[in-house]
Amino acid sequence: MSRTYRIAPSILSADFARLGAEVRDVVAAGADLVHFDVMDNHYVPNLTVGPLVCEAIRPLTDAVIDVHLMIKPVDRIVPDFARAGANIISFHPEASEHVDRTIALIQDQGCKAGLVFNPATPLSHLDHVIAKLDLVLIMSVNPGFGGQKFIPEALKKLSAARRRIDAAGREIWLEVDGGVKVDNIAEIARAGADTFVAGSAIFGTGDYKATLASMRAELAKV
Ligand code: DX5
Ligand code: ZN
């Protein structure tokens, strides 16, 4: 299967005291996207960064900034992230009262829109909106923290999401987030993912370039 694969290091596991240098380094090491985890201590039990930090890293890279909103409510802050230079904005259906409206809002702001599925969230949320989406993100951990273990059930869910995407007849990226490592990335690709978020597996190693190369070598075997 010759898919285009993309690797999206999550800055959640970066050294925040040196965030600009970390973003530059990981992109220079071969990252395709910069995954930007936004948590609000309400929808998820952790608190991270907002539009100001997105705006601060925007001038440092041409790479796609992939904003993953783990916040409730969603809509008020979407234009702020668009202005801050986000390219993709993804949100959880449970966090928006009007999922279809939020998708349109993100796209009206000039960004690509993604819908995110927690481990227990059914794919039926795709039923009436998949043709509008640019990205589907399958969580392979419960959102809130980096460094958790990959939940194997996510493989079946990725395969099911892949089937829905292939039937939708438009380009939709299938992203996976949580517990992705060098030693499981090939299996996850075989399940249908094309875009791989990895935080601790990249920022937890000394040599980002070597780690990204190892991940790509694994993907080349798929
Ligand atoms: C979890 C975040 C992830 C997280 C992934 O809520 O959405 O992006 O940073 O971290 P790892 O790769 O360490 O599981
Ligand atoms: Zn994420």
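If you read the sequence from its start, that first residue is 1, and numbering goes on from there. Ligands are counted one by one from 1 in listed order, and the atoms in each one are counted from 1 as well.
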Does the side chain of His68 pick up a donor-acceptor pair with the side chain of His92 at under 3.5 Å?
yes
What is the name of the N/O/S atom in Asp177 that sits closest to the Zn ion (ligand 2)?
OD2
Just do the side chain to side chain contact (heavy atoms under 4.5 Å, CB included) check on Arg76 and Asp80 with the steps written out, would you?
CA-CA 8 Å; Arg76 218 295 298 146; Asp80 297 16; 3.2 Å; yes
Closest approach of any protein heavy atom to atom 10 (O) of ligand 1, naming residue and atom:
Gly146 CA, 3.6 Å
Quick one: which ligand 1 atoms are inside 4.0 Å of a heavy atom on Leu12?
4 (C), 9 (O)
May I have the step-by-step check of side chain to side chain donor-acceptor pair (under 3.5 Å) for Lys181 and Ser200, ending in yes or no?
CA-CA 8 Å; Lys181 314 267 175 221; Ser200 51; 3.2 Å; yes
If the test is side-chain hydrogen bond (donor to acceptor under 3.5 Å, both in side chains), which one of Arg163, Arg162, Arg164 qualifies with Asp166?
Arg162
Looking only at protein heavy atoms, which one is nearest to atom 1 (C) of ligand 1, and what is the separation?
Phe145 O, 3.5 Å
Compare all side-chain heavy atoms of Ile88 with those of Val67 and state whether any distance is below 4.5 angstrom.
no
Taking distance alone, with N or O pairs closer than 3.5 Å, would you say His68 contacts ligand 1?
yes
Of all N/O/S atoms in His68, the name of the one nearest the Zn ion (ligand 2)
ND1
When distances are taken from atom 13 (O) of ligand 1, the protein heavy atom at minimum range is Ser200 OG, 2.5 Å
Does any N or O of ligand 1 fall below 3.5 Å from an N or O anywhere on Asp37, backbone included?
yes
Does Arg216 CZ have over 12 foreign heavy atoms under 6.0 Å away?
yes
Going by the atom numbers of ligand 1, which of them fall below 4.0 Å from some non-hydrogen atom of Met70?
6 (O), 7 (O)
For atom 9 (O) of ligand 1, the option (of Gly178, Ser10, Gly199, Ser13) bearing the nearest heavy atom
Ser10
Checking the side chain of Asp40 only, and the main-chain atoms of Tyr43 only, is there a donor and an acceptor separated by less than 3.5 Å?
yes
Could you establish whether Lys181 and ligand 1 come within less than 4.0 Å of each other, counting only heavy atoms on the residue side?
no
Atom 3 (C) of ligand 1 - nearest protein heavy atom and its distance:
Asp177 OD1, 2.8 Å
Could you tell me whether the side chain of Val136 reaches within less than 4.5 Å of the side chain of Trp173, counting heavy atoms only?
no
Ligand-residue contact atoms, ligand 1 with Met39, heavy atoms, under 4.0 Å
6 (O)
Is Arg190 salt-bridged to Glu187, going by a charged N under 4.0 Å from an acidic O?
no
Under 4.0 Å from a heavy atom of His35: give me the atoms of ligand 1 that qualify, with their elements.
8 (O)
Begin from the C-alpha positions of Asp37 and His35 and carry the test side chain to side chain donor-acceptor pair (under 3.5 Å) through to its verdict.
CA-CA 6 Å; Asp37 284 307; His35 186 78; 2.9 Å; yes
Quick check on contacts: which atoms of ligand 1 are under 4.0 angstrom from a heavy atom of Pro143?
6 (O)
Quick note on ligand 1: atoms under 4.0 Å from a heavy atom of Ala198 include exactly 12 (O)
How close does the nearest protein non-hydrogen atom get to atom 14 (O) of ligand 1, and which residue and atom is it?
Gly179 N, 2.8 Å
Hey, does Gly147 come in under 3.5 Å of ligand 1, counting only N/O atoms on both sides?
yes
Check for a donor-acceptor pair, side chain of Ser140 on one end and backbone N or O of Ala154 on the other, with a separation under 3.5 Å.
no
Have a look at Asp37 and say which of its N, O or S atoms is nearest the Zn ion (ligand 2).
OD1
Between Thr205 and Thr211, is the side chain to side chain donor-acceptor pair (under 3.5 Å) condition met? List the steps.
CA-CA 7 Å; Thr205 57; Thr211 305; 2.8 Å; yes
Distance from atom 6 (O) of ligand 1 to nearest protein heavy atom, with residue and atom
Gly144 N, 2.8 Å
Quick one: do Gln107 and Asp134 satisfy side chain to side chain donor-acceptor pair (under 3.5 Å)? Show the steps, please.
CA-CA 9 Å; Gln107 291 168 338; Asp134 301 296; 2.9 Å; yes
Which atoms from ligand 1 have a heavy atom of Val197 less than 4.0 Å away?
8 (O)
